[in-house]
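Accompanying notes for the structure given below.
Quick caveat, the model's predicted, so the values are computed rather than measured. Worth knowing before you read on, the calculation uses all heavy atoms, side chains too, and leaves out hydrogens, waters and symmetry mates.
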Amino acid sequence: MAKERENRLKRLTIGIDVGGTNTDGVLYDTEARRIISSVKTPTNHADYRDSIEAALGRLLRAADSEDIISLNISTTLSTNALLEGKGAPVALVLIGYEDFPHIKDEILRTVLPAALLSVRGGHNGWGNEREPLDRESLARFAREEAGGYFAVSSLYSPRNPLHEMEAAGMIRAAGCAGLTCGHEMARSKLNSVKRTVTAFLNSSLMEVTERLIQGVEFCAASHGLRCPVMFLRSDSSLVCGRWCARFPLETVFSGPAASMRGAMLLGGVCDEDAVVADMGGTSTDIGVVKKGKAVYSKEGALIGNYRTMIPSLEIRSIALGGDSAVKLGEGGELTVGPERVRPYCRASEGEECGYTPSDALSALGAAAIGSCGRSLRASNEYGGRLGVSAVEFARLVRGEVSKRLSEALHGSGEESRRICVGAPVASFACGADCSVPEEAAIASAVGAASSSLSLSCTVSILHSFFDGNFYAFLPAGQIRGTDFESVYSRSRAALEKYLTEQAALMGFQEAAAEISEEREYIGKERSLLSLSTVTLNGKAVVHDA
């Protein structure tokens, strides 16, 4: 009996997606790969924890808490905090940018630090020190701004992070609430502006994210859950709360990433191409799948006007959702969005509201959304302006939304399957080439429940024909020497160690590193003398996850 009980344990996950309109939850069997139960509850924007608590409580009616191996959360908290300007003030330290005023100016046009220190120091493209670090100015600034949040960016820190690390040590010694170094977010990639902006935004989100994590962990503990609490990153992979608190910006597109993963699972996407549309209350997010793999952004996540170095799926958003405002122009032309309003069908008496696609569905009886009577009265009022009945007006709105959705889907690829998910999408998706999975309304929660680890890093080994050295640039340092085989083997070992250690910090203790490589030569000869660059592409993998 004990053996049977042991075999039954550790197979269930809970995925919860906190969306703009609803919070969806799924109890998921990871062995059978099936949904056991699901919930949908209105999102409380004043307190996300309240929404998560409600969903979690209902899901655990169908399972014992000890059977849950992971609670996975997808949320728009980071996105909303940035777009609404609710991040914490951040003191910015720039090292080595004094001789590059155009880079410094671009950084300061993008972010507005609460305090700024720009000092001498930094390295060159080979990782050699350009100038000594101004430690005296750094120590004074750290004391003056003690207790706050900091971001540190040094010139060419992905090639040598020593000055960033020294500055961070001095700031922590003086006392700070949180700190991000540019090289921590870059993973060996160069781009001073994006690296600095990414570190700055990350620190600004630490305070609000820490509150969310504490709230979620409190909810989990109150329900007797002893499993890890994980959070979805923008590439649809999972990280533990400790990692999320350190790098909260990585969750900025966790909602769209979860819906992509859920849509691929529910739609049975294997090795084919597909276009996925996820319609929510405010917007429709569209992503592309090539040969069974979601397409990633080469430029990094774009959040409002901020271009970052955060790995993210390639997502295109259009302002079209169930709660988009429907308006009539003076000539009777019909427009939908981009503003979001409270639908008549969900509004209380006296509450400010407007006509939406949700009202059209409610009036037509196509969806059980709030009060059908209010939607019908509003449809009759709007239809009267066009000289049509309430039902005819609702059909016009439904048709306009379906048309825009179809145009968006067909604009993303002509030879692909088209999969539509999201609560309202089934009533608007049309066409023989457009499929709506059975559980489309909870795709994001399914994606959260079924996610696992995804971690990659690239290391470049460059051959300097000037001094004959080979330089390997690692995420937290460099290796150099004239003996290529020694530099190469040490670099592989260091990359493997980095990936497995980072995976452990993310909450995955059993991860293994897989490394592939690409070599470039000068000219046609393939020899050590003509070897220009070796690129090591590493990823951490959890088998049987």
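Residues passing the side-chain hydrogen bond (donor to acceptor under 3.5 Å, both in side chains) test with E106, sequence neighbours excluded: none. When the side-chain hydrogen bond (donor to acceptor under 3.5 Å, both in side chains) test is applied to S259, the partners found at least two apart in sequence or on another chain are D278. By the side chain to side chain contact (heavy atoms under 4.5 Å, CB included) test, A440 pairs with V421, V436, P437, sequence neighbours left out. Listed by chain and number, the residues in a side chain to side chain contact (heavy atoms under 4.5 Å, CB included) with L60 are I14, L56, I68, H223, L225 (sequence neighbours excluded). Considering only residues two or more places apart in sequence or on other chains, E339 meets the salt bridge (charged side-chain N to carboxylate O under 4.0 Å, His left out) condition with K327. K86 is linked by a salt bridge (charged side-chain N to carboxylate O under 4.0 Å, His left out) to E84, counting only residues two or more places apart in sequence or in another chain. For R49, the side chain to side chain contact (heavy atoms under 4.5 Å, CB included) test picks out D47, F218, C219, with sequence neighbours left out. With sequence neighbours excluded, the residues satisfying salt bridge (charged side-chain N to carboxylate O under 4.0 Å, His left out) with R340 are D323. Shown here are the salt bridge (charged side-chain N to carboxylate O under 4.0 Å, His left out) partners of R342, two or more places apart in sequence or in another chain: E351. Take R385 and apply the side chain to side chain contact (heavy atoms under 4.5 Å, CB included) test, not counting sequence neighbours, and it matches L328, E381, Y382.
Note on residues 260-287: no pairs pass ring pair (Phe, Tyr, Trp, His ring centres under 6.0 Å), not counting sequence neighbours. Sorted by first and then second residue, the ring pair (Phe, Tyr, Trp, His ring centres under 6.0 Å) pairs involving residues 311-343 (not counting sequence neighbours) form an empty list.
When side chains are defined from C-beta on, C244 does not count as touching E250, because their heavy atoms never get closer than 4.5 Å. In this structure, the side chains of L265 and Y28 come closer than 4.5 Å at one or more pairs of heavy atoms. Looking only at side-chain heavy atoms (C-beta outward), V276 and I286 stay at 4.5 Å or farther from each other. For the pair T356 and V341, the minimum side-chain heavy-atom distance is below 4.5 Å. At least one side-chain heavy atom of V326 sits under 4.5 Å from a side-chain heavy atom of L334. Put simply, the side chain of R226 reaches to within 4.5 Å of the side chain of E66, judged on heavy atoms.
The nearest pair of heavy atoms linking A62 to S37 is CB-OG, 3.9 Å.
Crowding of E333 atom CD: a count of heavy atoms from other residues, nucleotides or ligands under 6.0 Å exceeding 12.
Using a 30° and 60° split on the angle between ring planes, Y355 and F393 fall in the perpendicular class, above 60°.
Between D271 and K291 there is no salt bridge, since none of the side-chain N atoms of the basic residue sits less than 4.0 Å from a carboxylate O of the acidic one.
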